[in-house]
Number of protein chains: 2
Amino acid sequence: MRTKEFDPDAALQAALELFWERGYEATSMADLVERLNIGRASLYATFGNKHDLYMKALERYRENRNPAPIDILSRPGPALTSVRALVEFYAADAIADSRRRGCMIVNAAAEMLPADAAVSRLIDTNWAALEGALTSALIRAAGEGDLPADRDPRALARFLLVFLQGLRLVSKGSADAARLRDAASQALSLLG
Amino acid sequence: MRTKEFDPDAALQAALELFWERGYEATSMADLVERLNIGRASLYATFGNKHDLYMKALERYRENRNPAPIDILSRPGPALTSVRALVEFYAADAIADSRRRGCMIVNAAAEMLPADAAVSRLIDTNWAALEGALTSALIRAAGEGDLPADRDPRALARFLLVFLQGLRLVSKGSADAARLRDAASQALSLLG
DNA sequence: ATGTTATTTGACCGTCCATTCTAGATAGAG
DNA sequence: CTCTATCTAGAATGGACGGTCAAATAACAT
């Protein structure tokens, strides 16, 4: 046996950054070899082919987001406060995204859907999970009396899911902080 | 002189469809030559290089949308009705998008921004125009007494801009009509 | 008819692509 | 300390890429 000379975790993180910035097609294996500073063959031996590597990077992105949206939603305290915090976090993140990389999942959705089955699965799962977490948080909020009784928690959750993806997409355009801030504050006003 | 043997307008439309479906990087000139059914050199002579062709396709997409969002907003009748019609049109369009191509401008934003300057310009202009048209429509609506006085028309316009892009992005995922319909109906409820 | 000019055709260019192979280095097992 | 499995670096592979070219061709003006 022999131990690897590089840290596969750090290498995957570096690949993630490059894919995130440039997308799948525009990133070549040569780019990755240069950026990760490891041999070409080591890259293939460790992560498989280009698509395998991309999927691993995308999965890592989904798992390692900090804080994870689901975690924000399950924080102690009033559920509605958590939902508002989530929207505010997404907005702040979009505004602070000075390199305008946007969200890697949004980028992946636009570039690879619907043709790429593996990416489709990952994104469907991700969005369904977010919609589900938002729905149950809003149901809790209704139970806590923080949501007007005539509001449909699931419809509201779906609305927020769509709006948040919009935020992350628009943030790739001209960095107009006021636009994103205004948009988020209007969306929040729907939560009463 | 000699007349062209193909219709450049039809060819550009075919190129548009291919770029729309696959994105910029994933579409090769060979793919285009095959699809447009014209010679390689004719393609270059008529439209310039790949990036030129893409820009022309993207501009054509923006100009030829039917109905144009701006036109919906300037229809006769109450301004708020026009705004609601616009949101409903985007939602219906997203739901009816069975091939899940999404919106070519959204796809371009996710794939090419912020690195591509020409695409950036086109999209900034497009979004600014939509935001502007929405803002003035909502100001009109306020003047017509259809918008509660405490609502900020520009913030509302920004919100709708972001939400509509979210709609078009999410529609590339699993075609869940109920999700998009619920999201749109919640957004509409913000318009009073 | 004929000259002129633009378009078409299909071969062609050099470069870059993802992937594999070969050869040599190195660390753990015995 | 040797052996050998697995690592590394880098050359090599064949194909695809964006882009160009010269010759053949076809429509116009004259």
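Letters A, B, ... mirror the listed sequences (proteins, then strands); counts begin at 1. Because the structure is predicted, anything quoted here is derived from the model rather than measured.
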Relative to each other, are the rings of Phe159(A) and Phe163(A) parallel, tilted or perpendicular (30° and 60° limits)?
parallel
According to a hydrophobic-cluster definition based on side-chain heavy atoms being under 4.5 Å apart (Ile, Leu, Val, Met, Phe, Trp, Tyr only), do Ile95(B) and Leu160(B) belong together?
yes
Rounded to whole angstroms, how far apart are CD on Glu25(A) and P on dG18(D)?
11 Å
Go through the N and O atoms of the side chain of Arg40(B) and the base of dT9(C), and report whether any donor-acceptor pair is under 3.5 Å.
no
Length of the CD1-P vector between Ile38(B) and dT9(C), whole Å
9 Å
Joint cluster assignment, Leu18(A) & Met112(A), ILVMFWY side-chain distance < 4.5 Å:
yes
Consider the side chain of Ala41(A), meaning its heavy atoms from C-beta on, and name the nucleotide among dA18(C), dG19(D), dA9(D) that approaches it most closely.
dA9(D)
Would you mind classifying the nucleic acid contact of Thr46(A) as base, sugar-phosphate or nothing, using non-hydrogen atoms under 4.0 angstrom?
nothing
Could you check how far CZ of Phe47(B) sits from P of dT8(C), rounded to whole Å?
11 Å
Give the rounded distance in Å between these two atoms: CG of Asp7(B) and C1' of dT7(C).
15 Å
Would you kindly give the CG-to-C1' distance between Leu32(B) and dA16(D), to the nearest whole Å?
14 Å
From the options Arg99(B), Lys172(B), Arg100(B), select the one residue that forms a salt bridge (Lys or Arg N to Asp or Glu O under 4.0 Å) with Glu21(B).
Arg99(B)
Does dC17(D) have OP1 or OP2 under 4.0 Å away from a side-chain N or O of Ser28(B)?
yes
Gap between atoms OH and P, on Tyr44(B) and dT8(C) respectively (whole Å)
16 Å
When rounded to whole Å, the CG to P distance for the pair Asp52(B) and dG18(D) reads 14 Å
Roughly, in whole Å, what's the span from CG in Asn37(B) to C1' in dT8(C)?
13 Å
